[in-house]
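Below is one structure, written out as structure tokens; the observations come after it.
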Amino acid sequence: MKTAVIYARYSCDNQTDQSIDGQLRVCEEYAQRNNILILNTYIDRAMTGTNDNRPDFQKMLKDSARKEWDFVLVYKLDRFSRNKYETAIHKKTLRDNGVKVLSAMENIPDTPEGIILESLLEGMNQYYSAELAQKVSRGMKETRRKGLYQGGAILYGYKIDGRKIVIDEPAAEVVRYMYQQYANGQIVRDIIKDLTDKGILYKGKPFVKNSVYNILRNEKYSGVYKHGDEVIDNMYPQIVPTDIYERVRAKVTNNKYGKKSIKIDFLLRQKLICGNCGQPMHGESGTTRNGTKIYYYKCNGRKKRINDCNKGMIRKEVIEDLVIKTAVEELSNPETMTYIVNELMQIQEMQLKENTVLKVLTKQQKQVETAINNMVNAVERGIITNATSKRLKELESQQELLERQILIERSKQAVQFKESDIREFYEQMLHEPKTIITYLIKQVILFDDKIEIQFNSPIRISPDDESCKPAASVRRGFSFYSETIELITFKWANTKPYTQKTQIECYI
């Protein structure tokens with residue numbers, strides 16, 4: 001019998017364990033139908049899915065290394081994560097430990113097509129999360145326009161009066177002193193010493209350089225600040241005169257030291273493997289004789305002298321462009337695209353028909369309504385105690401929460417993707433190289449005379465197999481054919497690129 005653990009999560013403090021109970025119930029029913037034994041549960045309460053900073057989620061990943069279970073079972077993929085790139089990374093961690101993620105509600109088939117369906121569903125989950133963020137953003141924007149406090153830490157020199165930000169005069173005098181002294185040429189270290197000698201502290205401790213520089217850089221002290229394209233001038237009362245603020249800002253900018261390094265995204269990181277020794281090929285950088293910055297992949301075995309591998313380096317843009325081009329050509333096949341879009345439409349229709357969470361919430365709502373009616377009848381009969389009054393308030397709060405949760409679930413049902421929407425999303429994915437490599441490419445093995453591109457599926461299709469013609473590829477997955485191309489590689493001993501014939505083999 002296969003074994004699994006359940007991972008469940010809800011996002012905000014307004015939700016309760018009832019949401020968790022619904023997820024667990026659906027997952028347990030799925031396990032029973034598929035003859036899977038549940039060994040453990042991991043639950044994160046009031047934790048967002050847009051990042052992986054979740055205690056039980058991290059514990060689940062760590063425990064998977066013991067290889068004691070076969071699956072992580074979730075209610076829907078968005079419970080696992082709403083960030084598609086983090087999803088791919090953590091799924092790889094689980095896959096390396098022999099563990100697969102299963103969705104109880106989305107019924108993703110264990111076929112090559114299922115890989116694409118799953119990645120598109122994860123992308124749409126992130127889209128839904130981003131759409132909710134937009135709605136919150138609109139509300140915050142309206143609050144800013146009214147000049148009202150939006151929550152969070154209050155800036156030094158200000159305090160809250162109702163929903164308005166007002167000047168905290170004693171602290172504001174310290175801010176004015178800092179600006180005036182810095183404008184007059186005093187350095188930050190001496191400003192801190194003067195304040196410490198006067199017994200002026202910041203959150204109970206002496207000021208430090210970072211806190212002073214943060215104050216000197218903050219445009220809110222001038223009474224105006226920018227939020228994206230917005231200019232807000234009615235939220236923070238002005239503490240520092242405009243002319244002094246401009247002088248200080250110019251000095252701080254000119255005195256900045258160091259430059260931010262340019263972050264280069266090596267798309268094939270943890271995917272590119274040396275065909276000679278089996279070691280990963282890591283991203284590296286270097287400079288040519290004429291001063292041009294170049295980026296390439298180098299075998300870890302050769303770099304760290306783990307073995308006697310003599311595999312040459314390869315330019316980053318060459319190998320990445322080749323892998324992306326190959327994948328896009330196959331995914332762009334009209335028949336393949338139509339098949340996957342139709343599958344997604346069917347999954348969406350199934351989800352709308354079988355909204356188990358909504359059914360559970362509706363059932364709980366009826367139970368709470370019955371309990372409230374019973375309590376009201378008791379009060380009408382004169383049975384009034386502190387306990388009954390407290391219980392009635394609890395039930396009314398529970399009823400209000402359930403009504404909000406039901407509205408949220410019904411709003412999700414109201415947002416239905418049309419076939420044109422899914423097709424557009426699919427086509428957009430084909431223009432995102434990072435998405436393609438993250439979700440579809442299992443690994444790329446680079447030999448001296450050929451390259452193997454392996455896709456995320458246990459099925460291998462031979463390039464010479466007649467069943468891999470386009471018509472069959474719609475049923476079984478994607479067909480990939482061997483081809484010979486001109487591959488430009490980079491040889492470090494000689495800064496001039498050289499050309500060689502290279503055989504490309506693609507498997508799924």
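Counting all heavy atoms, side chain and backbone alike, L94 lies closest to V101 at CD1-CG2, 3.6 Å.
Between I38 and L73, the closest side-chain pair of non-hydrogen atoms falls below 4.5 Å. Residues I324 and L322 form no side-chain contact, since every pair of their non-hydrogen atoms from C-beta on lies 4.5 Å or further apart. Annotation: side chain of K442 is not in contact with side chain of K271 (no heavy-atom distance under 4.5 Å). Looking only at side-chain heavy atoms (C-beta outward), K100 and R95 stay at 4.5 Å or farther from each other. Side-chain contact check for Q279 versus I306: some heavy-atom pair is nearer than 4.5 Å. Residues I441 and V323 are in side-chain contact: their nearest non-hydrogen atoms beyond the backbone lie under 4.5 Å apart. Within the 4.5 Å cutoff, no side-chain heavy atoms of Y296 are placed close to those of H282. Counting heavy atoms from C-beta outward, R315 and Y295 have side chains that stay 4.5 Å or more apart.
Between the CD1 atom in I453 and the CD1 atom in I319 there is a gap of 7.0 Å [rounded to 0.5 Å]. Note: I445 CD1 to N276 CG = 11.5 Å, rounded to the nearest 0.5 Å. From K298, atom NZ reaches atom CE of M313 across 5.5 Å, with rounding to the nearest 0.5 Å. Once rounded to the nearest 0.5 Å, the distance linking CG of L446 with CD1 of I451 reads 5.0 Å. Interatomic distance, CG of N307 versus SG of C299, reported as 6.0 Å (0.5 Å rounding). For the atom pair CD of Q367 and CG of L402, the computed distance is 9.5 Å after rounding to the nearest 0.5 Å.
Contacts of R66 classified as salt bridge (charged side-chain N to carboxylate O under 4.0 Å, His left out), with partners at least two apart in sequence or in another chain: D63, E68. Not counting sequence neighbours, the partners of E400 by the side-chain contact (heavy atoms from CB on, under 4.5 Å) test are R404. For R33, the side-chain contact (heavy atoms from CB on, under 4.5 Å) criterion is met by E29, Y30, not counting sequence neighbours. Considering only residues two or more places apart in sequence or on other chains, T41 meets the side chain to side chain donor-acceptor pair (under 3.5 Å) condition with none of them. Residues that satisfy the salt bridge (charged side-chain N to carboxylate O under 4.0 Å, His left out) test with K316, not counting sequence neighbours, are E320. Annotation: salt bridge (charged side-chain N to carboxylate O under 4.0 Å, His left out) contacts of K303 (sequence neighbours excluded): E284. With sequence neighbours left out, K62 forms a side-chain contact (heavy atoms from CB on, under 4.5 Å) with no residue at all. Here K92 pairs with D96 under the side chain to side chain donor-acceptor pair (under 3.5 Å) rule; sequence neighbours left out. Every ring-ring contact (aromatic ring centres under 6.0 Å, His included) that Y297 has, sequence neighbours left out, goes to F266. Listed by chain and number, the residues in a salt bridge (charged side-chain N to carboxylate O under 4.0 Å, His left out) with R391 are E394 (sequence neighbours excluded). Every side-chain contact (heavy atoms from CB on, under 4.5 Å) that L37 has, sequence neighbours left out, goes to M1, T3, L39. For Q399, there are no side chain to side chain donor-acceptor pair (under 3.5 Å) partners, not counting sequence neighbours.
We find that E432 and K434 are not joined by a salt bridge, their nearest charged nitrogen and carboxylate oxygen being 4.0 Å or further apart.
The closest donor-acceptor contact from the side chain of N97 to the backbone of V99 lies at 3.5 Å or more, if one exists at all. Checking side-chain atoms of S64 against main-chain N and O of L61 turns up a donor-acceptor pair under 3.5 Å. Counting only distance, with no hydrogens or angles, the side chain of R9 and the backbone of R79 share a donor-acceptor pair below 3.5 Å.
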Legend entry - Test side chain to side chain contact (heavy atoms under 4.5 Å, CB included) applied to L430 and M337, step by step: CA-CA 11 Å; L430 297 180; M337 186 180 297; 4.1 Å; yes
Inset, instruction - Could you go through the side chain to side chain contact (heavy atoms under 4.5 Å, CB included) check for M375 and L395 one step at a time? - result: CA-CA 9 Å; M375 295 294 292; L395 289 170; 3.8 Å; yes
Legend entry - Residue pair K311, D448: steps toward the side chain to side chain contact (heavy atoms under 4.5 Å, CB included) verdict: CA-CA 7 Å; K311 183 76 186 74; D448 290 332; 3.3 Å; yes
Inset, instruction - Would you check, one step at a time, whether the test side chain to side chain contact (heavy atoms under 4.5 Å, CB included) holds for I6 with Y42? - result: CA-CA 6 Å; I6 297 175; Y42 297 85; over 6 Å; no
Legend entry - Pair R423-E419, salt bridge (charged side-chain N to carboxylate O under 4.0 Å, His left out): steps then yes or no: CA-CA 6 Å; R423 188 174 292 275; E419 182 178 340; 3.7 Å; yes
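When the options D56, N40, D44 are evaluated for a side chain to side chain donor-acceptor pair (under 3.5 Å) with Y7, the one that passes is D44.
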